[in-house]
Number of protein chains: 2
Amino acid sequence: MDVETGDREIRIALGVLEELAGYHLRRASTVFGNDFSRAMGGTGIRQVLFGILSVVAANPGINQGTAGRALGIQRANMVSLINELVDAGLIDRRTAEEDRRAFALTITPAGSDALAAGSKRIRKHEQRLLSDLSAEERRMLIDLLQRIEAKED
Amino acid sequence: MDVETGDREIRIALGVLEELAGYHLRRASTVFGNDFSRAMGGTGIRQVLFGILSVVAANPGINQGTAGRALGIQRANMVSLINELVDAGLIDRRTAEEDRRAFALTITPAGSDALAAGSKRIRKHEQRLLSDLSAEERRMLIDLLQRIEAKED
DNA sequence: TATTGTTATACTCTATAACTATA
DNA sequence: TATAGTTATAGAGTATAACAATA
């Protein structure tokens, strides 16, 4: 790890961390998270909100809870997130006809626009972060990550 | 994405998310983070603290700020983290001789023990999460992640 | 004037428990 | 009785600005 120290740059050993996949996942994920913020700066759309928009767009009428479960977001935490999206006019929330306890979520035209514009921007940013990886390596990365995600719980 | 819905399990499409490396990094990183908590449950050592322990052990006498920079932790946030480790008797903090503004950090014997015991546990847990990946694929994963980390800022 | 560490503060994400209304 | 959504709350990670001591 190279670190700035006032005048020059020195190499700092990370110890055990260097060999731990968990550490590198965390750092790489942070790099993407920060870049996401830059990409979406000003739109008010954060990573979680973008995720919800994407899932609702892909599953019109999906329940609030089901959408949360697909994204690993707890019921309780979904409430204010959905409020934000509804208040911003990006998704529509109405009582589900088949189950009056639940909410059916759909994306609004404005939400579709925001999702499309956001996707475009984020893809461009991801290209920069992944510019050192070949197409084959990018596929490999996503494949490896998905196999790790499957280990959840 | 397969999601439990009371009686059965349904497949939910993720939309654009599916193709975004940032999303998969976040999910995979969370899986590792949760597993880390389980592995270290009760010891009070969290991911960040473990990281600091590892860097201090690998760089005896390192400055507080330099250690933070190596780990992507801001000065202001290092303060309470280092306090925790000092209070727990895991690291030693003394004024640096060459620069009396700075603190020189060293790991204590108790800190070394905690780091060794923690490393052992975490390695075992990582083996479970990575059990579907071959040795070659694990090397590949870390290599790809490091190349992404290099894109920081 | 710049840097090290500090304090104060705020925002986001995540986790839990208790509540309501429907099923 | 179980589930969907809600409220309240708390812990943890991260970010910024302003300050004291030292360089």
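We name chains A, B, ... by the order of the sequence lines, and we start the count at 1 in each one.
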Would you mind classifying the nucleic acid contact of B:Ala96 as base, sugar-phosphate or nothing, using non-hydrogen atoms under 4.0 angstrom?
nothing
Whole angstroms only, please: what is the CE-P distance between B:Met78 and D:dT14?
12 Å
Measure from CD on B:Glu97 to P on D:dT22 and round the result to the nearest Å.
16 Å
With sugar-phosphate meaning primed atoms plus P, OP1 and OP2, does A:Gln64 contact a base, only sugar-phosphate, or nothing at under 4.0 Å between heavy atoms?
sugar-phosphate
D:dA15, D:dT22, C:dG5: which one has an atom nearest the side-chain heavy atoms of B:Asn77?
D:dA15
Would you check if B:Phe50 and A:Tyr23 make a side-chain contact, meaning some heavy-atom pair closer than 4.5 Å?
no
Tell me if a side-chain donor or acceptor on A:Thr106 pairs with a main-chain N or O of A:Pro60 at a distance below 3.5 Å.
no
Nearest to the B:Ala102 side chain among D:dT6, C:dG5, C:dC13, which nucleotide is it?
C:dG5
Atom-pair distance (CD1 on B:Ile91; P on C:dG5), nearest Å
11 Å
A:Leu71 CG to C:dC13 P, straight-line distance once rounded to whole Å:
13 Å
Classify A:Asn34 by what it touches in the nucleic acid, base, sugar-phosphate, or nothing, heavy-atom distance under 4.0 Å.
sugar-phosphate
Assess whether a salt bridge exists between B:Asp35 and A:Lys151, defined as any Lys/Arg side-chain N lying under 4.0 Å from an Asp/Glu carboxylate O.
no
The side chain of A:Val79 is closest to which nucleotide in this list: C:dT3, C:dC13, D:dG5?
D:dG5
Nearest-Å distance for atom pair CZ/P, residues A:Arg75 and C:dA18:
13 Å
With the side chain of B:Ala76 defined as its heavy atoms from C-beta on, choose the nearest nucleotide among C:dT6, D:dA8, D:dG13.
C:dT6
So, B:Arg69 and B:Asn63: side-chain donor and acceptor under 3.5 Å apart, yes or no?
no
To the nearest Å, give me how far apart CZ (A:Arg69) and C1' (D:dG5) are.
11 Å
Rounded interatomic separation in angstrom, taking CD from B:Gln47 and P from C:dC13
18 Å
Quick one: does any side-chain atom of B:Ser29 pair with a main-chain N or O of B:Arg26 as donor and acceptor, under 3.5 Å?
no
Whole-Å distance between D:dA15 C1' and A:Arg46 CZ?
15 Å
Just call it for B:Asp99: base, sugar-phosphate, or nothing, with non-hydrogen atoms closer than 4.0 Å on any strand.
sugar-phosphate
Of the nucleotides D:dT6, C:dG5, D:dA15, which one has an atom closest to the side chain of A:Phe103?
D:dT6
Do the side-chain N or O atoms of B:Gln74 get closer than 4.0 angstrom to the phosphate oxygens (OP1, OP2) of D:dT14?
no
Please confirm whether the shortest side-chain N or O distance from B:Arg100 to OP1 or OP2 of C:dT4 is below 4.0 Å.
no
Among C:dT4, D:dT6, D:dT14, find the nucleotide with the atom closest to the side chain of A:Arg26.
D:dT14
